[in-house]
Amino acid sequence: MAEDETERTRPRLPLPLPSNVIALQSTDRREKLRIVEALLFAAAEPLDETALASHFVPGEDVKVLLEELQALYAGRGVNLVRVAGKWAFRTAEDLSFLLEKQAVEQRRLSRAALETLAIIAYHQPVTRAEIEEIRGVSTSKGTIDVLLETGWIKMRGRRRAPGRPVTYGTTEAFLTHFGFDSIQDLPGVNELKGAGLLDSNLPPGFSMPSPDDAPDLREDEDPLEDNPQQEEPLGDKDDEAGGGEPT
Amino acid sequence: MAEDETERTRPRLPLPLPSNVIALQSTDRREKLRIVEALLFAAAEPLDETALASHFVPGEDVKVLLEELQALYAGRGVNLVRVAGKWAFRTAEDLSFLLEKQAVEQRRLSRAALETLAIIAYHQPVTRAEIEEIRGVSTSKGTIDVLLETGWIKMRGRRRAPGRPVTYGTTEAFLTHFGFDSIQDLPGVNELKGAGLLDSNLPPGFSMPSPDDAPDLREDEDPLEDNPQQEEPLGDKDDEAGGGEPT
Amino acid sequence: MSDHETSADNDPAGRGDASAWEQNVRLDLDDRERLVVDVEGFEGPLDLLLALARTQKVDLAKISVLALAQQYLDFISEARRLRLEIAADYLVMAAWLAFLKSKLLLPAEPSEAGEPTGAELAALLAFRLKRLHAMREASAQLMNRKRLGRDVFARGLPEPIRIVRKSTYDANVYDLLKAYSQQRARTAVRSMRMRQRTVWSLKEAREELERLLGMTVDWAPLDRILAEFLVEPELRRTALASSFTATLEMTREGKLEIRQTKSFAPLFVRWRERAA
């Protein structure tokens with residue numbers, strides 16, 4: 001597995017240089033490489049070839065030196081990379097996790113997010129417009145983003161309807177977090193009344209759906225595109241909100 | 001000539017490792033070296049072995065990895081060095097001529113300040129009166145302030161003696177700046193000690209103290225007050241200067 | 001060696017380089033005027049003594065304290081002759097050296113207990129000079145080190161540790177269900193209001209009565225006529241209330257006749273035009 005990673009992250013060069021290359025270099029060439037190495041290391045910003053060349057006699061092929069140095073550092077913990085036409089040492093991409101420190105913040109879901117989550121749970125698959133219709137207020141993009149971040153909801157597909165809005169549903173993580181064995185364990189009207197959460201004199205005809213999180217797409221759902229990011233539905237709020245207006 | 005210099009600056013290891021060592025390493029070992037390399041390269045400050053070890057499973061011999069990496073970089077434009085008991089990459093000493101442009105303008109220290117710095121380094125923990133006794137002249141408050149500003153010295157505590165004078169010592173920044181692994185590496189420290197010249201009091205021939213920058217207070221030191229500013233000892237110059245007069 | 005020269009430049013006093021420094025002093029001694037002027041440059045009597053000791057051109061370990069004391073005293077008297085101001089501590093040192101000199105020259109008297117002998121005092125002075133000299137050398141060596149940010153360099157572009165903020169969200173079932181219940185109840189109230197449209201308006205009641213009464217010819221109890229609307233309790237009240245009002249209105253218009261045998265007895269209505 002480690003093998004795979006090293007191979008995968010090895011920079012552009014097709015083949016690693018044989019390890020005895022340095023030994024074969026002339027002392028002079030080695031000195032030049034040392035100089036380029038030290039200059040790039042100490043520089044406070046990426047250096048271009050002109051800046052590096054100023055430390056050598058005119059005509060020195062700095063580019064070749066750079067490429068040799070790059071090859072030397074290929075597959076190492078630090079790589080020599082070109083950024084914006086200049087050269088700099090950078091931590092190897094696959095090791096970037098070393099430079100990250102996780103700061104976990106415990107946050108509470110906003111009221112709007114809780115409501116939206118509950119509606120998605122009971123009414124899934126449900127579009128944003130439908131959520132807004134049920135809630136009676138518009139739902140900000142941020143609210144759904146936060147819910148997606150929790151991992152408790154997911155985009156399921158697209159409703160086969162004008163605008164092809166994304167449908168949302170709950171995930172397995174939702175069940176796990178809230179301790180439900182299945183989505184059918186969400187309490188119904190009578191249980192909510194019994195728990196004192198719903199007023200007992202609700203208007204007649206008040207109904208709650210029986211939730212269903214089966215992953216199969218419904219008849220009126222299409223699959224999400226291969227690349228949902230490109231046609232990110234959350235951005236075009238206006239289009240979707242149109243569908244959610246009271247009719 | 002360049003060859004000679006490289007040899008001279010090659011770190012402690014008795015023999016350069018054969019150039020095919022990397023090729024023989026297991027992928028696992030190579031990954032470990034990459035990690036140590038990346039961490040040290042990225043760090044703004046020297047890292048100690050504990051900090052590095054925190055990225056490995058317990059029991060990993062980080063010191064061996066460091067020594068291997070040090071050998072790998074010996075003779076290169078960038079070397080792995082030990083400073084202040086920690087590890088850091090530094091440009092090779094012989095390449096300083098290249099990097100003059102990078103050199104940050106450093107405040108010029110007066111002769112009095114330089115002498116005072118040396119006395120603090122070699123005689124620490126040392127009081128201002130003792131510094132004056134060695135120099136045979138009173139030391140202005142400004143001199144010590146300038147040194148405190150460099151970050152190379154600090155107030156350590158108070159001597160358990162009449163007047164409870166502040167004791168001074170060097171900092172980790174001192175070791176880092178002057179490239180010492182520990183305060184015992186001060187040039188000529190053993191000779192000076194042998195000649196009895198590190199004794200701030202007289203006469204020679206008694207047991208000689210060594211410079212000691214260990215933060216733990218000595219037997220004859222008390223901690224500084226919580227707010228040393230309030231009882232700033234540098235103000236009451238007259239009291240202390242008395243100790244510096246020729247006897 | 002080149003490093004050495006560089007550092008001498010950096011060291012403003014130039015004391016790091018022993019030979020150059022000595023040269024300076026010798027120059028000073030050759031020209032008394034300049035030496036005296038240069039007294040300003042000395043950092044105290046010990047510094048001056050060390051400078052004078054250098055002129056003996058011997059190892060500090062073998063220095064003649066007696067000769068040094070004499071040199072110092074000569075220097076001070078020369079300065080006085082030139083009416084130069086001399087700081088007090090230089091004079092204190094001169095007095096002490098004069099005392100030392102006499103102690104060294106005179107045969108050792110049986111001294112009081114604990115009082116140091118001339119030789120001991122001389123050794124003390126020699127020690128202090130050596131120690132100061134050693135510290136000067138040390139400071140020069142220190143400044144000649146390969147120093148960070150001057151000779152050797154750390155990574156110019158350190159890569160900082162990124163703090164990856166990861167939020168974990170907390171919500172419990174109770175909060176979730178409460179939020180759902182409350183918002184559903186809230187919107188349910190709204191939809192009940194919409195249902196009020198099915199409440200009979202006066203106009204609707206009239207139309208319904210006209211239709212229903214059209215099918216009867218004789219007196220009929222109002223609640224029987226409306227029977228089909230009175231099953232649903234929700235509708236019963238509004239149907240009765242609106243129909244009653246409509247009945248009164250239509251009676252006033254002369255279209256209907258109403259009859260009631262006693263209070264709270266069933267209300268009978270009939271179509272007036274038919275009766276006529």
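So you know, we letter chains A, B, ... as the sequences are listed, proteins then strands, and number each from 1. Only this structure's heavy atoms are used, side chains among them; waters, hydrogens and symmetry mates stay out.
Nearest heavy atom pair, residue C:Glu43 against residue B:Ala112, reads OE1-CB, 3.6 Å. In terms of heavy-atom proximity, B:Tyr122 sits nearest to C:Ala138 at CE1-CB, 3.4 Å. Shown here for C:Arg131 and B:Leu197, the closest heavy-atom pair between the two residues is CG-O, 3.5 Å. The two residues B:Ala118 and C:Ser139 come nearest to each other via the heavy atoms CB-CB, 3.5 Å. Considering all non-hydrogen atoms of both residues, C:Val152 and B:Glu93 come closest at CG1-CG, 3.7 Å. Contact record, B:Ser96 with C:Lys146: OG-NZ, 4.2 Å, taken as the closest heavy-atom pair.
The shortest distance between side-chain heavy atoms of C:Asp47 and B:Val137 does not fall below 4.5 Å. Between B:Phe174 and C:Leu142, the closest side-chain pair of non-hydrogen atoms falls below 4.5 Å. Contact of the B:His177 side chain with the C:Arg150 side chain is not registered, since no non-hydrogen atoms from C-beta on lie closer than 4.5 Å. Residues C:Arg155 and B:Val78 have side chains not in contact (no heavy-atom distance under 4.5 Å, counting atoms from C-beta outward). With a 4.5 Å cut-off on side-chain heavy atoms, C:Met135 and B:Leu192 count as touching.
Proximity to chain C is limited to the backbone of B:Phe89, based on heavy atoms less than 4.5 angstrom apart. If you measure heavy-atom distances from B:Phe180 to chain C, the contacts under 4.5 Å come from both the backbone and the side chain. With a 4.5 Å cut-off on non-hydrogen atoms, B:Leu186 touches chain C through its side chain but not through its backbone. Both the backbone and the side chain of B:Ala44 have a heavy atom closer than 4.5 Å to some heavy atom of chain C.
Separation of atoms CZ (B:Phe178) and CG (C:Asp151) is listed at 10.5 Å; rounding is to 0.5 Å. To the nearest 0.5 angstrom, B:Leu175 atom CG is 12.0 Å from C:Leu148 atom CG.
Within a 6.0 Å radius of CD in B:Glu45, other residues, nucleotides and ligands contribute 12 heavy atoms or fewer. No more than 12 heavy atoms of other residues, nucleotides or ligands shown are found within 6.0 angstrom of CZ on C:Arg80. Counted within 6.0 Å of OH on C:Tyr174, heavy atoms from surrounding residues, nucleotides or ligands total 12 or fewer; the atom is thus considered open.
Between C:Arg145 and B:Asp185 there is no salt bridge, since no side-chain nitrogen of the basic residue lies less than 4.0 Å from a carboxylate oxygen of the acidic one.
Annotation: side chain to side chain donor-acceptor pair (under 3.5 Å) contacts of B:Lys154 (sequence neighbours excluded): none.
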